[in-house]
Amino acid sequence: SDSDYMLTHAFLGSFLAFEAFVNYIGEIVDPIKWEHLARGPAEKKLGWLCEKLEVTIDKNSEPYVTWNDARANRNHIAHGTVFRKVFKFPFEQHPDTVSYIRARWHEILSPDEVKRIRNQLSAFAELIRSSAHKAGLFTEDDDMTVVVLGANGSGRLGSASAMKVRKST
């Protein structure tokens, strides 16, 4: 359907919004250390941030499992990774080789799966946000609303994703 074309956008937007949120909080936690971590692997950045904020991560449970899978799929999209299947026929019968290429992310993206990913990323962001609040990085006056958008009012997936974070001054 036409809405299926928006799945990649909704997925990527949600993942990138979460990544931006992690970068935002990481810079507040320790700007000097974050400067060294900022361009490094996402897993290292997230691990460091969770350690600093005392967020317990079980790499075999949600929301980490979904984040890790989403990270891998984001990388497949960003780097154009595909599945390639080569069919070789007996040369006597068919001298040609036939290749079949399919984008890796097409097999994982469905409306329900993108919504599930978005919900798990929102839950992970909320864990980080609440831990940052407990650590005294934000006060009750700060507007720390974490929203990962991916569906419009009709419930159909859209392309917009955002996290609203505003620290009062």
Side-chain donor-acceptor contact under 3.5 Å, Glu19 with Tyr24 |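 The criterion, which ignores hydrogens and geometry beyond distance, is not satisfied for Tyr24 and Glu19.
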
Quick one, [X] and [Y] - any side-chain contact, counting heavy atoms below 4.5 Å?
{"X": "Trp67", "Y": "Leu46", "answer": "yes"}
{"X": "Phe18", "Y": "Ile128", "answer": "yes"}
{"X": "Glu43", "Y": "Tyr64", "answer": "yes"}
{"X": "Leu121", "Y": "Pro63", "answer": "no"}

Point-to-point distance, once rounded to the nearest 0.5 Å, from CD of Glu113 to CZ of Arg118 = 12.0 Å

CG of Leu137 to CD1 of Ile25: how many Å apart, nearest 0.5 Å?
-> 7.0 Å

What salt bridge (Lys or Arg N to Asp or Glu O under 4.0 Å) pairs are there with at least one residue in residues 61-75, not counting sequence neighbours?
-> Glu62-Arg116

Pairs touching residues 7-18 that satisfy salt bridge (Lys or Arg N to Asp or Glu O under 4.0 Å), sequence neighbours left out = none

Minimum-distance pair of heavy atoms, taken over all atoms of [X] and [Y]:
{"X": "Ala125", "Y": "Phe21", "value": "O-CE2, 3.4 Å"}
{"X": "Ala10", "Y": "Val114", "value": "CB-CG1, 3.8 Å"}
{"X": "Phe15", "Y": "Ala70", "value": "CD1-CB, 3.7 Å"}

Contacts of Asn23 that satisfy side-chain hydrogen bond (donor to acceptor under 3.5 Å, both in side chains) - sequence neighbours left out |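 In terms of side-chain hydrogen bond (donor to acceptor under 3.5 Å, both in side chains), with neighbours along the sequence ignored, Asn23 is linked to Lys45.
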
Mind checking what makes side-chain hydrogen bond (donor to acceptor under 3.5 Å, both in side chains) contact with Glu35, not counting sequence neighbours?
-> none

Set of side-chain contact (heavy atoms from CB on, under 4.5 Å) partners for [X], sequence neighbours left out:
{"X": "Lys33", "result": "Asp30, Leu37, Trp48"}
{"X": "Ser131", "result": "Leu53, Val55"}
{"X": "Asp58", "result": "Asn60, Ser61"}

